[in-house]
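Contents: one structure, followed by commentary.
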Amino acid sequence: MTAIAGIRISKKKSQKAISKLFWRKIAPPIAALAVFLVIWQLLCLNPSFKLPGPIETIKETWNPFIIQPFFDNGESDKGLGWQILNSLGRVGLGFSLAAIVGISLGIVIGANPLLFNAVDPLFQVLRTVPPLAWLPISLAAFQQANPSAIFVIFITSIWPIIINTTVGVQQIPQDYVNVARVLRLKGFKYFWKIVFPATVPYIFTGLRIGIGLSWLAIVAAEMLVGGVGIGSFIWDAYNTTTETNLSEIILALIYVGLVGLMLDRLVGFIASKVVAEQK
């Protein structure tokens with residue numbers, strides 16, 4: 001009887017926890033989304049409001065863009081699934097290069113005050129350059145659209161990674177440094193035992209900002225370089241604007257936002273696991 005009672009109490013606690021999670025984390029976003037859709041639909045009842053409403057958007061894009069996201073009719077006539085995957089491929093490559101270079105430079109610059117004073121003003125100037133301002137330079141340098149788009153991602157996302165990593169290294173407690181000297185930790189051991197645990201929260205802050213900037217940059221860059229990608233899809237739909245194409249653009253923007261949210265949550269999830277392990 002005692003075991004059965006314990007099981008019942010455990011079930012009640014689990015049900016309360018699930019209910020609490022639902023009302024705090026799930027219900028509010030659903031309610032906010034419902035309010036947004038209702039307002040959007042009501043605005044579309046006004047004849048002067050030219051954008052399609054949510055119901056019309058779903059009807060006009062249901063087939064093939066929603067139910068067949070991976071259709072392929074050749075060249076750039078592909079479903080939104082392929083468009084997003086192509087964009088994610090460019091983002092993955094550009095962001096990975098930025099992470100490797102940015103973390104390495106950040107550690108070196110943060111550990112050397114003289115080098116930091118030399119390059120910090122330059123970095124502060126370069127990081128304020130808008131992503132698309134780099135595109136003409138990358139096109140002139142690479143002469144091809146795909147490498148140019150990857151370079152734009154790289155140069156856009158590298159600055160928050162460098163800056164946050166540098167700050168993390170500069171904030172290493174002096175006690176850690178003293179312990180490393182006593183234990184005579186050098187090279188890789190010093191990095192792994194002292195630098196990495198102390199700077200990992202800063203590194204992941206930079207990575208999280210960088211992945212968001214990467215996704216913003218690729219959409220903007222693809223609008224100009226063309227090819228297969230979500231940015232190119234939006235730009236092509238705009239250049240042949242009809243009421244149906246407006247619905248396609250709206251659907252693509254929704255996909256862009258959802259993918260951006262997932263990328264941010266993915267980096268945040270990895271950060272929570274890595275930071276927890278270092279504590």
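If you're wondering where the values come from, they're calculated on a predicted model, not measured in any experiment. Side-chain atoms are counted along with the backbone in the values below, which use heavy atoms only and exclude waters and symmetry mates. For this chain, numbers begin at 1 and follow the sequence in order.
- No side-chain donor-acceptor contact under 3.5 Å links Thr165 to the backbone of Ile162.
- By the 4.5 Å heavy-atom criterion applied to side chains, Asn112 and Phe116 are not counted as neighbours.
- Distance check: Ile249 CD1 to Thr61 OG1 gives 12.0 Å after rounding to the nearest 0.5 Å.
- Rounding to the nearest 0.5 Å places CD1 of Ile161 at 11.5 Å from OG1 of Thr205.
- Using modelled atom types, one side-chain atom of Asn239 and one backbone atom of Trp235 make a donor-acceptor pair closer than 3.5 Å.
- Between the Ser104 side chain and the Ile100 main chain, a donor and an acceptor come within less than 3.5 Å of each other.
- Nearest heavy-atom pair, Ser96 versus Gly92, reported as atom, atom and distance to 0.1 Å: OG-O, 2.6 Å.
- Screening residues 120-141 for ring pair (Phe, Tyr, Trp, His ring centres under 6.0 Å) gives Phe123-Trp159 as the qualifying pairs, with residues at least two apart or on separate chains.
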Open item on the list: Using side chain to side chain contact (heavy atoms under 4.5 Å, CB included), reason through Trp215 and Leu88 one step at a time and then give a plain yes or no.
Closed with: CA-CA 8 Å; Trp215 190 238; Leu88 284 174; 3.7 Å; yes

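- Using a distance-only test at 3.5 Å, with no hydrogens or angles considered, no donor-acceptor pair links the side chain of Gln171 to the main chain of Thr199.
- Of all heavy-atom pairs spanning Gly102 and Ile158, the tightest one is CA-CG1, 3.9 Å.
- Nearest heavy atoms, Thr128 versus Val125: OG1-O, 2.7 Å.
- In Ile55, the CD1 atom is not crowded: 12 or fewer heavy atoms of neighbouring residues, nucleotides or ligands sit closer than 6.0 Å.
- Nearest approach of Leu37 to Pro54, heavy atoms of both residues: O-CG, 3.8 Å.
- With hydrogens and angles left out, the side-chain atoms of Ser247 and Glu56 include no donor and acceptor closer than 3.5 Å.
- Closest heavy-atom contact between Gly110 and Thr166: CA-CG2, 3.7 Å.
- With Asp264 contributing its side chain and Gly260 its backbone, the two residues share no donor-acceptor pair below 3.5 Å.
- For Ile172 against Ala198, the heavy-atom pair with the smallest separation is CG1-CB, 3.8 Å.
- In this structure, CD1 in Ile137 is found 11.0 Å from OG in Ser148, a value given to the nearest 0.5 Å.
- Cluster membership check: Val38 shares its hydrophobic cluster with Leu45, using side-chain heavy-atom separations under 4.5 Å among Ile, Leu, Val, Met, Phe, Trp and Tyr.
- The shortest side-chain heavy-atom distance between Trp40 and Thr57 falls under the 4.5 Å cut-off.
- Applying the side chain to side chain donor-acceptor pair (under 3.5 Å) rule to Gln83 yields no partners; only residues at least two apart in sequence or on another chain are considered.
- Outside the 6.0 Å centre-distance limit, the rings of Phe233 and Tyr255 are not counted as a close aromatic pair.
- The closest side-chain heavy-atom distance from Asn164 to Ile203 is not below 4.5 Å.
- No single ILVMFWY cluster, assembled from side-chain heavy atoms under 4.5 Å apart, contains both Val167 and Leu115.
- A 4.5 Å side-chain heavy-atom check between Phe196 and Ile107 finds every atom pair outside the cut-off.
- One finds the CG atom of Leu258 at 11.0 Å from the CG atom of Leu263 (value rounded to the nearest 0.5 Å).
- Ring orientation note: the planes of Trp82 and Phe70 are nearly perpendicular, at an angle over 60° on the 30°/60° scale.
- For the pair Asn146/Arg90, a side-chain contact is recorded, criterion being any heavy-atom separation below 4.5 Å from C-beta on.
- From Leu139, atom CG reaches atom CG of Leu224 across 8.5 Å, with rounding to the nearest 0.5 Å.
- Between Ile58 atom CD1 and Ile254 atom CD1 the span is 8.0 Å, to the nearest 0.5 Å.
- Under the 4.5 Å side-chain heavy-atom criterion for Ile, Leu, Val, Met, Phe, Trp and Tyr, Ile153 and Phe142 are members of distinct hydrophobic clusters.
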- [ ] Decide side chain to side chain contact (heavy atoms under 4.5 Å, CB included) for Leu135 and Phe151; before the verdict, give the C-alpha distance in whole Å, the side-chain angles of both, and the deciding distance to 0.1 Å.
- [x] CA-CA 8 Å; Leu135 192 58; Phe151 174 79; over 6 Å; no

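- In this structure, Glu222 and Ser87 have side chains that are in contact, with non-hydrogen atoms separated by less than 4.5 Å.
- Placement of Leu93 and Ile155 within a single hydrophobic cluster is found when ILVMFWY residues are connected by side-chain heavy-atom separations under 4.5 Å, directly or transitively.
- With contacts defined as side-chain heavy-atom distances shorter than 4.5 Å, the pair Leu266/Met262 does not qualify.
- A continuous path of ILVMFWY side-chain contacts below 4.5 Å connects Ile211 to Val219, so both sit in one hydrophobic cluster.
- For the pair Leu216/Pro131, no side-chain contact is recorded, criterion being any heavy-atom separation below 4.5 Å from C-beta on.
- The aromatic ring centres of Phe65 and Phe71 sit less than 6.0 Å apart.
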